[in-house]
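Before any comments, here is the structure.
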Amino acid sequence: MKYASQAVAKPYFAFAMLLFVGQIVFGLILGTQYIIGDFLFPEIPFNVARMVHTNLLIVWLLFAFMGATYYLVPEEAQTELWSPKLGYALFWVFAIAGVLTILGYLLVPYSTLADITGNKYFPTMGREFLEQPTITKVGIALVVVGFIFNILMTVLKGRKTVVNMVLITGLIGLGVFWMFAFYNPMSLVMDKYFWWWVVHLWVEGVWELILGAILAFILIKTTGVDREVVEKWLYLIIAMALISGILGTGHHYFFMGAPEYWLWIGSIFSAIEPLPFFLMVLFAFSMLKQRRREHPNKAAVTWAVGCTIMAFLGAGVWGFLHTLAPVNYYTHGSQLTAAHGHLAFFGAYAMIAMAIISYSWPKLHGRECNSPQAQRMEILSCWVMSISMLAITLLLSWAGWIQIELQRLPDDAGALGYMQTQDAIMHVYWMRLIAGIGFAVGLGMYLYSFIVARNTREQSPALIKAA
Ligand code: HEM
Ligand code: HEM
Ligand SMILES: [Fe+2]
């Protein structure tokens, strides 16, 4: 750790991992409820478990992005963070608001939560991913504004690097598009239209800038390749991300009441969206090939390279599968969508979060990298999680195919109903649950590797010297 204030990242990373565990617990509950419909009913109904699962995902990723920013911005800017105190204060605000919101979901019916948080005065609740009470949404906005302010002040007084600029642009974009969470028009079409300005323009727009910047930082550090080379790649990647991703929003406007021209615009631009993800794979391998040093943190390199491959598969390949309007006509909202959503979120954003944690956690604790034993465990956990998530994806794609074949392709008279189709997929959902347990084991191994690291630190004096 070069700057003392980088330590602000610690609680963010630790809390992110705690919420990740929570997300997976609720994933397993959901996977079980798909098979045993009234599992944990009425205590935790499916809709509540789903909301907790997806909200925990978004919130832990935000914690991880903030941790990553607090770690890498001072190092890039070569100066201490403007206000570590503000960083810690915002951590507590965000953590407490987050916990209260999740407790609210679990302890009272959703409509009661809407009532007691005054949703009727400023209605924003009730939409997928944006279920948070309005006051939580305001809290998130304030935390993001304070956070960006702190980071801007830091960068202004320090060295301005391309990595920092791209990261900050992405974070400002994250804040700007969050504003659309407050816009809730009466018309369902208009509602969905702008809902995607948060959901799509985050993951297929500004978050790609955050992903690109964190990836570039890790690759600069671990390969020692010249900044100029890395920066050219980064520019190319983010240009392609924005060129394809902004109008690519149209792939959500196909059959929802928006004008017909979106069929063409959405299909054409989103068909280009896999390109930035493919460029990230080339970027990572090209950096490895040109590397000037063997970095001892092999685990971080594994996560970073793995991230580009899995993101390309999940976002690029599985996204492309259903992005053309004539295909999406049959696949929309099926298990194929869930297959893509899982692999894309995991590959792109969960993996980059684990990559930066893997790189920076040892440094935050005064050593260059974790002991070889700990790294072996961690690299294995990367494989277990990746293979389990690929299995979940393939199984859900299979489930999606059955759904499309029985429910979507036949004419009205020949098509099975929704629930009858679900019965025909039950065996696949069993396998998905098993793959989910595999994933949970992988996550356990990842977290355990940090305990191994702590216990084996003393046995590896070379590592401490390197730090
Ligand atoms: C890391 C980037 C990405 C993430 C995290 C992501 C995630 C998701 C998620 C969670 C959904 C489901 C939304 C819902 O609940 O309705 C979705 C839908 C969709 N995604 Fe992505 N996605 C990414 C990139 C892409 C790319 C690059 C493409 C196209 C090449 C794509 C094409 C689609 C399409 C067409 C849908 C709508 C599916 C439907 O009609 O049901 N996605 N995505
Ligand atoms: C133990 C592993 C997991 C299981 C069993 C699981 C299961 C589920 C289930 C059953 C749903 C609801 C689908 C529906 O509405 O019909 C869901 C939604 C979702 N999960 Fe997971 N999940 C797991 C892990 C993950 C991970 C690791 C991520 C991302 C990093 C993730 C991201 C999501 C997303 C984005 C959605 C919303 C999908 C959409 O709208 O299409 N899940 N999950
Ligand atoms: Fe999209």
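Atoms within a ligand are numbered from 1 in the order they appear, just like the ligands themselves. The shown structure was predicted, so the numbers you read here are calculated from the model rather than taken from an experiment.
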Quiz item: So is there a nitrogen or oxygen of G333 less than 3.5 Å from a nitrogen or oxygen in ligand 1?
Solution: yes
Quiz item: Are any of the N/O atoms in S334 less than 3.5 Å from those in ligand 1?
Solution: no
Quiz item: Would you call M389 a ligand 2 contact, heavy-atom distance under 4.0 Å?
Solution: yes
Practice problem: Please identify which atoms of ligand 1 are closer than 4.0 Å to at least one heavy atom of S270. | Solution: 29 (C), 30 (C)
Quiz item: Distance only, no hydrogens: is a donor on one side chain within 3.5 Å (strictly under) of an acceptor on the other, for Y34 and Q422?
Solution: no
Quiz item: What are the protein N, O or S atoms, given as residue plus atom name, that sit under 2.8 Å from atom 21 (Fe) of ligand 2?
Solution: H53 NE2, H342 NE2
Quiz item: For N328 and ligand 1, does the shortest N/O to N/O distance drop below 3.5 Å?
Solution: yes
Quiz item: At the Fe ion (ligand 3), what angle lies between atom NE2 of H252 and atom OE1 of E204, rounded to 10 degrees?
Solution: 170°
Quiz item: Do the ring planes of F20 and W60 sit parallel (below 30°), tilted (30 to 60°) or perpendicular (above 60°)?
Solution: parallel
Self-check item: Identity and distance of the protein heavy atom lying nearest atom 34 (C) of ligand 1
Solution: H322 NE2, 3.6 Å
Self-check item: Closest candidate by heavy atom, reference atom 12 (C) of ligand 2, pool E128, R50, R432, M51
Solution: R50
Self-check item: Enumerated ligand 1 atoms positioned under 4.0 Å from heavy atoms of F129
Solution: 15 (O)
Quiz item: What is the ring orientation for Y329 with F255, classed by angle as parallel under 30°, tilted 30 to 60°, or perpendicular over 60°?
Solution: perpendicular
Self-check item: Close-contact set for ligand 1 against V203 heavy atoms, below 4.0 Å
Solution: 2 (C), 3 (C), 4 (C), 5 (C), 6 (C)
Quiz item: Applying a 4.0 Å heavy-atom criterion (strictly less than), which segment of Q33 is in contact with ligand 2: side chain, backbone, both, or neither?
Solution: neither
Exercise. State, with a plain yes or no, whether a side-chain heavy atom of L313 is found less than 4.5 Å away from one of F277.
Key: no
Practice problem: Could you list which atoms of ligand 1 come closer than 4.0 Å to a heavy atom of W196? | Solution: 13 (C), 16 (O)
Practice problem: Return the orientation label for the F129 and W195 ring planes: parallel under 30°, perpendicular over 60°, tilted otherwise. | Solution: parallel
Practice problem: Can you label the angle between the F194 ring and the Y183 ring as parallel, tilted or perpendicular, going by 30° and 60°? | Solution: perpendicular
Quiz prompt | Enumerated ligand 1 atoms positioned under 4.0 Å from heavy atoms of F320 | solution = 29 (C), 30 (C)
Quiz item: Applying a strict 4.0 Å limit to heavy atoms, is H340 in contact with ligand 2?
Solution: no
Quiz item: Considering distance alone, does some N or O of Y34 sit under 3.5 Å from an N or O of ligand 2?
Solution: yes
Quiz item: Looking at atom 19 (C) of ligand 1, what's its closest protein heavy atom, distance included?
Solution: H252 CE1, 3.5 Å
Exercise. Please say whether Q335 places an N or O atom under 3.5 Å from an N or O atom belonging to ligand 2.
Key: no
Practice problem: Quick one: report the N, O or S atom of H251 that is nearest to the Fe ion (ligand 3). | Solution: NE2
Quiz item: Do F345 and I58 have side chains that get closer than 4.5 Å, going by heavy atoms?
Solution: yes
Quiz item: Does any N/O atom on H332 come nearer than 3.5 Å to any N/O atom on ligand 1?
Solution: yes
Quiz item: Below 4.0 Å from any atom of ligand 1, is there a heavy atom belonging to Y349?
Solution: yes
Practice problem: Answer yes or no: is there an ion pair linking E128 with R50, defined by an N-O contact shorter than 4.0 Å? | Solution: yes
Practice problem: Give the numbers and elements of all ligand 2 atoms closer than 4.0 Å to a heavy atom of F439. | Solution: 27 (C)
